[in-house]
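Please read the structure below before turning to the comments.
Model, not experiment: these values are computed from the prediction. Worth knowing before you read on, the calculation uses all heavy atoms, side chains too, and leaves out hydrogens, waters and symmetry mates.
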Amino acid sequence: MRLEIVCEDRVGIAQQVLGVFVEHKINIKGIDAVTETGHIFVHIPDLDFSELQSFMPQLRLIEGVEDVKTTPFMPSERERNELATLIKTFPDPFISVDTRGNIRGVNDIGCSILGEHIKELVGEPAGQWIKGFNITRWLEGDDILAQTRRIKFKEEDFVADILPINVSDEEGNPVNAGAVLILKSEARLGQQISAFKQNNENTFSGIQTASSAMKKVVREAKRMALLDSSMLVIGETGVGKELIAKACHDASDRAEHPFMTLNCASLPDDVAESELFGTGAQGSKPAKRGLFESADGGTIFLDEVGEMSSKLQIKLLRVIQDGSFRRVDDEQEIKVNVRFISSTNKDLLNLVSTGEFREDLYYRLNVLGLNIPSLRERRPDILPLAEHFITKAGQVIGKYNLTMTDDCRDFIEHYPWPGNVRQLENVLIRAVSLLEGTSIETSHLQLPSYTREHGYLEQEFEGTLDGAVKKFEADLLRKLYPAYPSTRQLAKKLGLSHTAIANKLREYDINKKTVKI
């Protein structure tokens, strides 16, 4: 039986309490006194409850004793077992040595590596198994400081954290009582580094959200990640659509399954089809799994889905509807369970109106729609992103404490960044790679000429001014037409004559048949 006696912290009270047990000739196995809280714990293994009742009133009558009750364990027992459990189940080899470097304890995995039982190891010199660090000489030194060393343990390479155990003498000075060694193998270190990187790359924390626009995007994306419906991420090239898609996958219930990507704009139609659906066995050639099969249980990310051919659109629609497909040149039906996240930098509704994209597929893919603003629409994110990219690029090549001049910061913040985040990162990687000092100036940024007064001209621009104006005009009219389907209303909105608007609508083939209202 174990008793907890709650009492005041005063001189002599413990002696009076123990005196009661002596008087009744009760053998005490252990005593814990917690002076900070005024608790005395007593372990009496041979005491029956009936015997306790005979002298409990006597304990309660002691001045300062507030309560006497049974307790399932002593504080020291819990601490001993807590430490023993921690050491025993520790995933890395754990060795405790005394002041002479002889083993006092080894956990389970350490014993397993050594191939010995703990009883056979206690008292043996640890140095006979640990090479590359003289434990005995270190313990005999004047300053025994914590060490991290590369050592050999049973002829295998390990990194060892060697930590002294200190206790305080009567004057409060530290006295060495031995040491503990925590060993990590190369494989374990690799797992930990991988987990650390994964945590940074696979969460929304890696997305810069200084602007209210991006904070809203991330809030919506976090909610959408928990759902299982198809998702369409819309935004210009380079805004980070795949980054958002991957973060949604990693925050979903499908995170333990694959995240597979297909860029619909980069592959010919037949190649894209075999990549998605796989191919059947032909003669001696074995069947090949496609992305759908590989991603079963996980997520398929269709990048730039607006570039998908009509033939592939029909096949994709069937997979979304039925969850089944056939490999190329194969008749066998295959069932899969995947979530679709798509992205586009195009106006899919406009493509629907012109017949270039299937309307039924559009609504299947756009159950959950997420619009990512361009970098120029979220300027508060630009400098934090720039600093992140500079630090990241510097670490790769061993350059640290890199800065930007005030003029460079101002330029970066106000540049329009037509290529968005991807362009910003690429420009800064180049600047850091070629930088001779530690300060990045505007001249180090390789970009098309730009001034805040006159804007910039992209060197890759093709076509004529008339063609560019007509394209802009057609896009504007096509966007406004659903809200102003009457030519008179649209003419009034744009400050043009009814005849001029009617002619332009006719020229660009904009009407109720070609534009969804």
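- Put simply, the side chain of Leu494 reaches to within 4.5 Å of the side chain of Leu480, judged on heavy atoms.
- Applying the 6.0 Å contact sphere to CG of Asp322 captures more than 12 heavy atoms from other residues, nucleotides or ligands.
- Gln313 places no side-chain N or O within donor-acceptor distance of the main-chain N or O of Tyr362, the cut-off being under 3.5 Å.
- The backbone N or O of Glu236 sits less than 3.5 Å from a side-chain atom of Lys241, completing a donor-acceptor pair.
- From Ser274, atom OG reaches atom CG of Leu291 across 9.5 Å, with rounding to the nearest 0.5 Å.
- A donor-acceptor pair is defined here as one N or O able to donate and one able to accept, closer than 3.5 Å; such a pair exists between the side chain of Asp347 and the backbone of Leu349.
- Within a 6.0 Å radius of CD in Glu186, no more than 12 heavy atoms belonging to other residues, nucleotides or ligands are found.
- Exactly one of Arg289, Arg326, Arg327 qualifies for a side chain to side chain contact (heavy atoms under 4.5 Å, CB included) with Ile334. That residue is Arg327.
- Side-chain atoms of Lys215 and Arg219, non-hydrogen and from C-beta on, do get closer than 4.5 Å to each other.
- Side chains of Phe389 and Ile429 form no contact here, defined as non-hydrogen atoms less than 4.5 Å apart.
- Side chains of Thr279 and Asp329 form no contact here, defined as non-hydrogen atoms less than 4.5 Å apart.
- Contact check for Trp138 versus Arg149: no side-chain heavy atoms found under the 4.5 Å cut-off.
- Going from atom CD of Gln208 over to atom CG of Leu385 covers 4.5 Å, rounded to the nearest 0.5 Å.
- For the atom pair CG of Asp161 and CD1 of Ile182, the computed distance is 6.0 Å after rounding to the nearest 0.5 Å.
- By the neighbour-count criterion of 12 heavy atoms within 6.0 Å, atom CZ of Arg78 is sparsely surrounded, having that number or fewer from other residues, nucleotides or ligands.
- Here Lys315 contributes atom NZ and Ser309 contributes atom OG; the two are 9.5 Å apart, rounded to the nearest 0.5 Å.
- The minimum heavy-atom distance between Pro164 and Ile144, with the atom names listed, is CG-O, 3.7 Å.
- Under the 3.5 Å distance criterion, the side-chain polar atoms of Lys493 are left unmatched by any main-chain donor or acceptor of Tyr484.
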*Verify salt bridge (Lys or Arg N to Asp or Glu O under 4.0 Å) between Lys288 and Glu275, making sure each step is shown before the conclusion.*
CA-CA 9 Å; Lys288 174 191 171 186; Glu275 284 294 313; 3.3 Å; yes
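- Within 6.0 Å of atom CD in Glu333, more than 12 heavy atoms from other residues, nucleotides or ligands are found, so the atom counts as buried in its surroundings.
- Counting only heavy atoms from C-beta outward, the side chains of Thr148 and Ile162 never approach each other to under 4.5 Å.
- With His414 contributing its side chain and Arg379 its backbone, the two residues share no donor-acceptor pair below 3.5 Å.
- Of all non-hydrogen atoms in Ala272 and Leu262, the two that sit nearest each other are O-CD2, 4.3 Å.
- The aromatic rings of Phe158 and Phe153 lie perpendicular to each other, with more than 60° between the two planes, well past the 30° mark.
- Under the 6.0 Å cut-off for aromatic ring centres, Phe292 and Phe340 qualify, their centroids lying closer than that.
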*Could you walk me through whether Leu276 and Leu302 pass side-chain contact (heavy atoms from CB on, under 4.5 Å), step by step?*
CA-CA 10 Å; Leu276 275 174; Leu302 301 173; 4.1 Å; yes
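- Within a 6.0 Å radius of CG in Asp253, no more than 12 heavy atoms belonging to other residues, nucleotides or ligands are found.
- Counting only distance, with no hydrogens or angles, the side chain of Lys246 and the backbone of Phe259 share no donor-acceptor pair below 3.5 Å.
- The only option from Glu356, Glu304, Glu307 that meets the side-chain hydrogen bond (donor to acceptor under 3.5 Å, both in side chains) definition with Lys346 turns out to be Glu307.
- Here the shortest heavy-atom pairing between Val421 and Val239 reads CG2-O, 4.0 Å.
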*Begin with the C-alpha distance, continue with both residues' side-chain angles, and end with the deciding distance and a verdict on side chain to side chain donor-acceptor pair (under 3.5 Å) for Asn401 and Thr438.*
CA-CA 7 Å; Asn401 301 317; Thr438 59; over 6 Å; no
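- Contact detail for Ile510 and Ala474: the closest heavy-atom pair is CD1-O, 3.9 Å.
- Here the CG-OG1 distance, from Leu496 to Thr487, works out to 12.0 Å after rounding to the nearest 0.5 Å.
- For Arg318, the CZ atom counts as densely surrounded, since its 6.0 Å shell holds more than 12 non-hydrogen atoms of other residues, nucleotides or ligands.
- Residues Asp381 and Ser211 bring a donor and an acceptor atom of their side chains to less than 3.5 Å of each other.
- Here the side chains of Leu316 and Arg364 are not in contact, with every heavy-atom distance at 4.5 Å or above.
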*asked:* Checking Ile314 against Arg358 for the side-chain contact (heavy atoms from CB on, under 4.5 Å) test, could you report, in this order, the C-alpha distance in whole Å, the side-chain angles of both residues, the deciding distance, and whether it holds?
replied: CA-CA 8 Å; Ile314 295 170; Arg358 291 183 64 94; 3.7 Å; yes
*Please walk me through it: do Ile234 and Thr344 pass side-chain contact (heavy atoms from CB on, under 4.5 Å)?*
CA-CA 5 Å; Ile234 304 166; Thr344 183; 4.1 Å; yes
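- In this structure, Lys471 pairs ionically with Asp475, as a charged nitrogen and a carboxylate oxygen lie closer than 4.0 Å.
- Closest of all the heavy-atom pairs between Thr405 and Ser439 is CG2-OG, 3.3 Å.
- Side chain of Asn420 to backbone of Leu375: a donor-acceptor contact under 3.5 angstrom is found.
- Leu428 places none of its side-chain heavy atoms less than 4.5 Å from the side chain of Lys392.
- Between Glu220 and Lys216, at least one side-chain N (NZ, or NE/NH1/NH2) sits under 4.0 Å from a carboxylate O, which counts as a salt bridge.
- How far OG of Ser342 is from CG of Leu348: 9.0 Å, rounded to the nearest 0.5 Å.
- Side chain of Lys311 to backbone of Glu273: no donor-acceptor contact under 3.5 angstrom is found.
- Side-chain atoms of Asp157 never come within 3.5 Å of backbone atoms of Arg150 as a donor-acceptor pair (strictly under, hydrogens ignored).
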*Are Leu505 and Leu490 close enough, and set up right, to give a side-chain contact (heavy atoms from CB on, under 4.5 Å), and what steps lead you there?*
CA-CA 10 Å; Leu505 292 177; Leu490 189 55; 4.1 Å; yes
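- Panel note: side chain Asn345, backbone Gly235; no donor-acceptor pair is recorded below 3.5 Å.
- When all heavy atoms are compared, the tightest approach of Val338 to Gly297 is CG1-N, 4.4 Å.
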